[in-house]
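Both backbone and side-chain heavy atoms feed into the values below; hydrogens, waters and symmetry mates do not. In what follows, chains are A, B, ... by sequence order, proteins preceding strands, each numbered from 1.
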Protein chains: 2
Amino acid sequence: MTKEPAAPADSRDSSLSLAEGIAARLRDQVTGGTLVPGQRLSEARLAAELEISRNTLREVFRLLTREGILRHEPNRGVFVAVPSMASILDIYRVRRLIEVPALAQAWPGHAAVTRMHNAVEQAKELQKIPDWRGVGSANMEFHAAIVALTDSPRLIQFFTQIIAELRLAFGLLDSPELLHQPYIPRNAEILGKLERGDPAAAARMLDDYLNQSERAVLEAFARLG
Amino acid sequence: MTKEPAAPADSRDSSLSLAEGIAARLRDQVTGGTLVPGQRLSEARLAAELEISRNTLREVFRLLTREGILRHEPNRGVFVAVPSMASILDIYRVRRLIEVPALAQAWPGHAAVTRMHNAVEQAKELQKIPDWRGVGSANMEFHAAIVALTDSPRLIQFFTQIIAELRLAFGLLDSPELLHQPYIPRNAEILGKLERGDPAAAARMLDDYLNQSERAVLEAFARLG
DNA sequence: CGAAAAAAATTGTTCAACAATATCGCATGG
DNA sequence: CCATGCGATATTGTTGAACAATTTTTTTCG
């Protein structure tokens, strides 16, 4: 066969390494539901399908395994991670531990406040379409921005992984509007408190938010059996 | 004193993957000072030296990069990470955020308390030899055990990385006895408070400990110029 | 029908090669 | 003499094939 067209379906910028670009594609397929949790990813088959070598695919696997959305079993292969109730509990515990103090000690003039603002606006817009997956993404961005308030590279990176895992769990659940819609005004309220110079109150509201959201997610998860 | 990696003749630890085994060896070389921060690690040269293929070495690099003790620059290579004052500040901030609440809400009968106990005992023993690097390891184990009190897989794994990075910074510093020795009785005291059912007091002491330790590390770091 | 043995498939690791990118040395010109 | 551009060199990025080690499937025999 002749050389395949050098321009793939969506031209990934060369700033990303090939493995990173493929990883982004696979990540979308996982959070988008094309690849279902528990599914096995055969190296040979996937490498051929993605038109990359097995070695490069293995690098992709390592990237995504580190993010927690794939799981690697020695000599057995790589699988799409299966969110469990335990993992959701753990994720929300970590979120509370990190997000609440981050917000409580925030300076209202921090650059990340703008990110929070934009995330709220975008969620409102996407709600109208409605694009609930987009709303979910904007919501995640809002909380990532909260963690960015800390200016801690390690916390920010860690939280990015946590968010990726949570998205995987969300992908399993139905009725996303019930999961995301009620929280748009809440986020706006939290942001308002912070901008008016009362981060303590904002942090209290965030704690409530997280508890309520956790309950909703666990209920939706339990409905799946 | 020269840790000879020269005799890998039969280090076929079937439990560990080849890459993981090599990674452990490299990790020791980094924390042990054989490989100095900032040093470039040539793929071809190191692969030959370790008697593994470049592909496997690249996997090792990815493992250690994830742990934060190596740094990867695209198309330029892999380097031993260089601890900065900023990274030390960030690490201690994360430590306070995670360790103090972990201890505060601990149940004195938790299995990890035994780990804390053993770590304290081992530190006392190694102090007599004296083996200050060993004391440092025991100290790290003590704090890893504190995080284990949370039963949170994600926090535990995250903290493992943080600890690895901190060890890298310690490797740069001289006079390890000044860095570790004063904290042996402190750890014992913290453990005592916890075992006597006063986790709140233990947490307060831990917070003091971390602030003081941070100051000592930063001072030692500043002395290096 | 069940269990052991053989066969097939998959992952783990290595090797050799080439392309893409960065680094170095050197000649040239001001 | 020094700066600069350019080609030569070295290094990383990626590929494909090969073989060993391990798991999974199939076959065979009791």
Practice prompt. Let me know the distance between CD of Glu73(B) and C1' of dG13(D), rounded to the nearest Å.
Written response: 16 Å

Worksheet item: Taking CD from Glu43(B) and P from dC18(C), how many angstroms apart are they, rounded to a whole number?
Response: 19 Å

Practice prompt. Measure the distance from CD on Glu59(B) to P on dC15(C) and round it to the nearest whole Å.
Written response: 16 Å

Fill in: Sugar-phosphate, base or nothing in reach of Leu41(B), heavy atoms under 4.0 Å
sugar-phosphate

Worksheet item: Below 4.0 angstrom from OP1 or OP2 of dT15(D), is there any side-chain N or O of Thr56(A)?
Response: yes

Fill in: Whole angstrom value for the distance that separates P of dT11(C) from CZ of Arg45(A)
10 Å

Worksheet item: So what does Asn75(A) hit on the nucleic acid, given a heavy-atom distance under 4.0 Å: a base, only sugar-phosphate, or nothing?
Response: sugar-phosphate

Item to complete: Taking atom types as modelled, find out whether Asn55(B) and Arg58(A) have a side-chain donor-acceptor pair closer than 3.5 angstrom.
Response: no

Practice prompt. Tell me yes or no: between the side chains of Arg167(B) and Ser137(B), is some donor less than 3.5 Å from an acceptor?
Written response: yes

Worksheet entry | Length of the line joining Arg54(A):CZ and dT10(C):P, which is rounded to integer Å | 11 Å

Practice prompt. State which of dT11(C), dG13(D), dT15(D) makes the closest approach to the side chain of Arg58(A).
Written response: dT11(C)

Item to complete: Would you classify Arg40(A) as touching base, sugar-phosphate or nothing, given that sugar-phosphate means primed atoms plus P, OP1 and OP2, and contacts are heavy atoms under 4.0 Å?
Response: sugar-phosphate

Worksheet entry | Rounded interatomic separation in angstrom, taking CG from Leu18(B) and C1' from dT14(C) | 10 Å

Practice prompt. Using atom types as modelled and distance alone, determine if a side-chain donor or acceptor of Gln39(A) lies under 3.5 Å from a backbone N or O of Val36(A).
Written response: yes

Practice prompt. Using whole Å, report how far CZ of Phe79(B) lies from C1' of dA22(C).
Written response: 11 Å

Worksheet entry | Pair His180(B) + Phe170(B): ring centers closer than 6.0 Å | yes

Discussion item. Taking 4.0 Å as the cut-off, does a side-chain nitrogen or oxygen of His72(B) come that near to OP1 or OP2 on dG13(D)?
Written reply: yes

Worksheet item: Centroid-to-centroid, Tyr209(B) to His143(B), below 6.0 Å?
Response: yes

Worksheet item: Rounded to whole angstrom units, what separation is found between the CG atom of Asn55(B) and the P atom of dT14(D)?
Response: 12 Å

